[in-house]
There are 2 protein chains.
Amino acid sequence: MKCRKCGEKASVHMRQHKLALCKEHYLEWVPEQTERFIKKYQMFTPAEKILVAVSGGKDSLGLWDILIRLGYQADGLYLGLGIDGGINYSHESQSLTEKFAAQHDLKLHIVDIEKEYGQPIPVLAEISHRGHGKPCAVCGLTKRHEMNRIARDLGYAVLATGHNLDDEAAVLFGNTLNWSSEYLLRQGPALPLADGLARKVKPLCRFYEREMTAYCVARGIEYIYEECPFAEGSQSIYYKELLNQLETTRPGAKLTFYLRFLEARKSGELFIEKDIERAHLHPCEKCGQPTSAPGMCSFCRTMEKVSSVPAS
Amino acid sequence: MKCRKCGEKASVHMRQHKLALCKEHYLEWVPEQTERFIKKYQMFTPAEKILVAVSGGKDSLGLWDILIRLGYQADGLYLGLGIDGGINYSHESQSLTEKFAAQHDLKLHIVDIEKEYGQPIPVLAEISHRGHGKPCAVCGLTKRHEMNRIARDLGYAVLATGHNLDDEAAVLFGNTLNWSSEYLLRQGPALPLADGLARKVKPLCRFYEREMTAYCVARGIEYIYEECPFAEGSQSIYYKELLNQLETTRPGAKLTFYLRFLEARKSGELFIEKDIERAHLHPCEKCGQPTSAPGMCSFCRTMEKVSSVPAS
């Protein structure tokens with residue numbers, strides 16, 4: 001197969017776009033497309049300060065790299081979760097993130113959850129009894145809270161995450177199987193600002209996971225290959241597998257599923273419009289972040305519970 | 001496992017309901033549930049005349065049997081499609097349908113497509129060049145048209161089909177993958193009357209396919225085991241397989257997917273309301289059935305095309 005732009009040997013073939021590109025043109029195409037998505041979904045402008053949530057994985061490091069190449073003001077935020085899992089997971093991913101930041105002379109904020117809250121994520125999860133024996137619920141809650149907190153405290157207007165199409169399609173698939181109105185009416189590539197929160201954007205939402213791998217490999221970005229050791233057996237991985245089956249027999253099925261959903265949301269032909277974000281929200285009495293819970297937000301309630309347990 | 005009602009050995013276990021029943025109580029439960037669905041979705045009353053579309057398969061013969069047991073006025077309609085497929089498919093299914101009607105002393109209308117329109121379905125499909133080499137598109141079009149025609153001509157208020165949950169969930173799944181507003185806003189267990197058309201209802205829409213098999217076996221109903229020979233490799237069978245994978249790991253997933261969709265439609269929390277049925281419809285200038293196409297409906301246009309081809 002030949003590169004559509006120069007006719008040389010192609011190194012990446014995107015069946016869903018009927019497009020093949022050589023390495024050089026692929027490395028041009030990815031930022032061009034990202035720029036297109038940023039504008040299409042009105043994510044941010046060059047004048048805004050962006051905080052990129054980086055985990056050391058291919059998606060977030062790839063995103064940071066692309067935003068810098070496009071000339072955006074993008075700093076990084078690494079959350080040290082304290083996950084080992086027999087592979088030194090958090091330590092490795094932090095090293096790779098720091099290395100990337102140093103190589104490109106970028107500003108990286110690091111928050112160590114254990115230093116902030118007394119315990120690493122797996123222990124916080126255990127003490128708080130949330131999430132059926134897996135730390136994923138507490139981890140998600142904590143990451144959301146900390147990203148919002150740091151963005152607000154440091155004055156970032158925008159919080160960018162590396163969610164790719166496989167991530168977004170899997171979430172959409174799960175929400176669709178349950179027809180969860182609350183989530184279906186909110187999911188999208190750019191969440192509007194809620195009071196006191198940075199705008200959340202997902203500039204990679206139209207790239208397949210394998211495209212981000214190809215981008216990082218072609219760019220020579222060192223990222224952590226391992227998934228989080230707790231991700232194994234998760235529902236989202238199961239949904240990704242089902243969607244990949246579909247994709248294999250019908251190239252583009254995943255992309256169509258996600259894009260037609262966004263179109264249906266936008267057109268008003270299928271879904272009602274609802275200002276979900278602002279409905280029933282008030283500031284948490286402890287941290288001030290918007291919450292729908294009475295009194296304190298879930299995160300602060302969880303941390304209260306944790307801090308009331310005597311250290312063992 | 002024991003029958004929940006009598007404690008005897010259970011013969012059917014419905015994991016999605018956490019319910020096991022012996023043969024005798026299963027044969028009571030199925031009509032009771034059907035009656036519940038008929039009322040819940042306001043399908044019809046005992047005063048109305050119902051035309052049941054019967055194919056000789058387990059679902060439609062099962063449905064006819066249940067409706068008669070419940071005391072409804074249900075006559076049958078068999079459409080002779082002229083499909084052989086090396087297994088004498090249409091002939092066998094017609095014999096089984098006639099046998100069932102005779103055994104229960106029921107009124108059965110038979111329409112032979114070849115006699116009405118000059119050719120059996122596979123030839124009509126070939127001549128009309130619809131459906132990418134498969135007769136399924138023309139078959140579906142013809143069946144819909146003929147069911148509507150006979151119901152109207154013979155004065156039936158209601159047209160009942162044997163679609164089960166697996167059928168409905170697969171259709172919903174396909175419509176969801178494409179976020180097809182037109183179909184998503186219309187799909188349901190009871191379609192309201194459009195001008196001149198009988199109300200279309202699906203009283204079995206909450207039974208799993210295997211439950212209908214169990215019902216027919218337990219009732220001793222002879223039905224055609226084979227699927228239509230043209231169904232192999234169809235999209236709907238592929239979707240059924242994917243949904244069955246989901247069901248295996250999470251019993252009830254198929255039912256939840258369908259029921260929550262119906263709830264979301266009804267609640268107004270997710271979807272807009274739209275009078276899809278009556279939008280842009282006018283009577284076909286040839287047959288008088290409502291159509292959105294200008295002039296003639298798709299069926300009449302297809303048949304015009306077919307009749308203009310000289311017999312070979």
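The figures that follow rest on heavy atoms only: side chains count, while hydrogens, waters and symmetry mates do not. If you're wondering where the values come from, they're calculated on a predicted model, not measured in any experiment. Just so it is clear: chains get the letters A, B, ... in the order the sequence lines come, proteins before strands, and each one is counted from 1.
Side-chain contact between A:Phe257 and B:Thr176 is present, with at least one heavy-atom pair separated by less than 4.5 Å. Looking at A:Glu182 and B:Glu269, their side chains never come closer than 4.5 Å, going by heavy atoms from C-beta outward. Between B:Leu177 and A:Phe261 there is no side-chain heavy-atom pair separated by less than 4.5 Å.
Enclosure of atom CD in B:Glu126 is not indicated, since only 12 or fewer non-hydrogen atoms of other residues, nucleotides or ligands lie within 6.0 angstrom. Applying the 6.0 Å contact sphere to NZ of B:Lys143 captures no more than 12 heavy atoms from other residues, nucleotides or ligands. In this structure, B:Glu32 places its CD atom where more than 12 heavy-atom neighbours from other residues, nucleotides or ligands lie under 6.0 Å away.
Taking the six-membered ring where tryptophan is involved, the planes of A:Phe271 and B:Phe271 are essentially parallel, since the angle between them stays under 30° and well short of 60°.
Neither the backbone nor the side chain of A:Tyr258 has a heavy atom closer than 4.5 Å to any heavy atom of chain B. Residue contact with chain A, scored on non-hydrogen atoms closer than 4.5 Å, involves the side chain of B:Gln235 exclusively.
With rounding to the nearest 0.5 angstrom, the CH2 atom of A:Trp179 is 13.0 Å from the OG1 atom of B:Thr256. With rounding to the nearest 0.5 Å, the separation of CG in A:Leu242 from CG in B:Leu243 is 9.0 Å.
Scanning both residues, A:Ser181 and B:Leu270, for their nearest heavy atoms gives OG-CB, 3.6 Å. Across A:Tyr238 and B:Leu246, no two heavy atoms sit closer than the pair OH-CA, 3.5 Å.
Of all the listed residues (A:Asn178, A:Leu184, A:Leu259, A:Leu172), the one sharing the greatest number of non-hydrogen pairs under 4.5 Å with chain B is A:Asn178.
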